[in-house]
Asks: 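Can you read through this structure? Questions will come right after.
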Amino acid sequence: QVQLVQSGGGLVQAGGSLRLSCAASGRTLSNYAMGWFRQAPGKERDIVARISRNGGSTYYVDSVKGRFTISRDNAKNTVYLQMKSLKSEDTAVYYCAATRDLVLGHNIDYWGQGTQVTVSS
């Protein structure tokens, strides 16, 4: 069993920055590939970023590339999403996710509770 607890969401003006955190309990995160998804009202839940077990490989959806950075600190059992140059279209509920597979995609084993990010323009 793994519980993922998110923090760091909120309201920010366009062009601003936020950092989301995802802290795990129950198991170490070192055996899980991790990622972040987001879902806007009426839209599908889409992947934003993913990171390999040891942090050596990352992926970003084109719309956030160059603005968002995913990182992990396995000693602290925590995954982060640093978001910069935020745009109104980044407004969504953001979800942390974990998989036992080597690559995270449509194979999520655990979800965080979600946190709202609202970007005002």
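When reading the values below, keep in mind they use all heavy atoms of this one structure, side chains included, and skip hydrogens, waters and symmetry mates.
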Asks: Would a 4.5 Å heavy-atom cut-off, applied to side chains only, mark V117 and L20 as touching?
Replies: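 Touching, per the 4.5 Å side-chain cut-off.
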Asks: Identify the two heavy atoms, one from A49 and one from L81, that lie closest to each other, and give their separation to 0.1 Å.
Replies: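 What the structure gives for the nearest pair is CB-CD1, 4.3 Å.
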Asks: Identify the heavy atoms of R38 and A92 that sit nearest to each other, and give their distance.
Replies: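 Heavy atoms only, the tightest pair is CB-CB, 3.9 Å.
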Asks: So do I70 and W36 actually touch side chain to side chain, heavy atoms under 4.5 Å?
Replies: yes
Asks: Output all residues satisfying salt bridge (Lys or Arg N to Asp or Glu O under 4.0 Å) with R72, sequence neighbours left out; order by chain, then residue number.
Replies: none
Asks: Closest heavy-atom contact between V61 and I47?
Replies: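 Scanning both residues completely, I find the closest heavy atoms to be CB-O, 3.8 Å.
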Asks: Could you pull out all residues at least two apart from I108 that satisfy side-chain contact (heavy atoms from CB on, under 4.5 Å)?
Replies: F37, A97, L104, W111
Asks: Does V93 reach the side chain of Q113, with side-chain heavy atoms less than 4.5 Å apart?
Replies: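 Not touching, per the 4.5 Å side-chain cut-off.
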Asks: Checking the side chain of R50 only, and the main-chain atoms of S57 only, is there a donor and an acceptor separated by less than 3.5 Å?
Replies: no
Asks: Take atom NZ in K65; do more than 12 heavy atoms of anything else shown fall under 6.0 Å from it?
Replies: yes
Asks: Can any side-chain N or O of N77 pair as donor or acceptor with the backbone N or O of R27 at less than 3.5 Å?
Replies: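 Yes.
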Asks: What's the verdict on side chain to side chain contact (heavy atoms under 4.5 Å, CB included) for D73 and S71, showing C-alpha distance, side-chain angles and the deciding distance?
Replies: CA-CA 7 Å; D73 186 341; S71 62; over 6 Å; no
Asks: Could you tell me whether a side-chain N or O of T78 sits under 3.5 Å from a main-chain N or O of K76, the two making a donor and an acceptor?
Replies: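 Confirmed, T78 side chain pairs with K76 backbone.
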Asks: Is the backbone N or O of G114 less than 3.5 Å from a side-chain atom of Q6, with the two atoms forming a donor-acceptor pair by type?
Replies: yes
Asks: Where do S30 and R53 land on the side chain to side chain contact (heavy atoms under 4.5 Å, CB included) test, with the steps shown first?
Replies: CA-CA 6 Å; S30 63; R53 292 175 178 180; over 6 Å; no
Asks: Hey, is the main chain of T99 close enough, under 3.5 Å, to the side chain of D101 for a donor-acceptor pair?
Replies: no
Asks: Under the criterion side chain to side chain contact (heavy atoms under 4.5 Å, CB included), I'd like the reasoning laid out for V12 against T118: C-alpha separation, chi angles, the key distance, then a yes or no.
Replies: CA-CA 6 Å; V12 65; T118 302; over 6 Å; no
Asks: Are the side chains of V79 and L29 in contact, using a 4.5 Å heavy-atom criterion?
Replies: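 A side-chain contact exists here, since the closest heavy-atom pair is under 4.5 Å.
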Asks: Is the shortest heavy-atom distance from the side chain of Q1 to the side chain of Y110 under 4.5 Å?
Replies: yes
Asks: Using atom types as modelled and distance alone, determine if a side-chain donor or acceptor of N107 lies under 3.5 Å from a backbone N or O of R100.
Replies: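 Judged by distance alone, no pair lies under 3.5 Å.
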Asks: Relative to Y95, does R45 satisfy both conditions: NZ or CZ under 6.0 angstrom from the six-membered ring centre, and within 45 degrees of the ring's axis?
Replies: yes
Asks: Is there a donor-acceptor contact under 3.5 Å linking the side chains of S88 and D90?
Replies: no
Asks: With the side chain counted from C-beta on, respond yes when Y60 and V48 share a heavy-atom pair under 4.5 Å apart, and no when they do not.
Replies: no
Asks: When rounded to the nearest 0.5 angstrom, what distance separates CD in Q3 from OG in S25?
Replies: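 Answer rounded to 0.5 Å: 4.5 Å.
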Asks: Answer with yes or no whether the hydrophobic clustering places Y80 together with L4; edges join I, L, V, M, F, W, Y residues whose side-chain heavy atoms lie under 4.5 Å apart.
Replies: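 Unlinked, Y80 and L4 end up in two clusters.
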Asks: Should C96 and M34 count as side-chain neighbours, where that means a heavy-atom distance under 4.5 Å?
Replies: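 Counting from C-beta outward, C96 and M34 do come under 4.5 Å.
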Asks: For residues 50-87, pull every pair meeting disulfide (SG to SG under 2.5 Å), keeping only residues two or more places apart or in separate chains.
Replies: none
Asks: For the residue pair Y94 and F68, categorise the inter-ring angle as parallel (less than 30°), tilted (30 to 60°) or perpendicular (more than 60°).
Replies: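 Aromatic pair Y94/F68 classed tilted.
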Asks: Side chains of T91 and Q116: closer than 4.5 Å at any heavy-atom pair?
Replies: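 Answer yes - side chains close enough.
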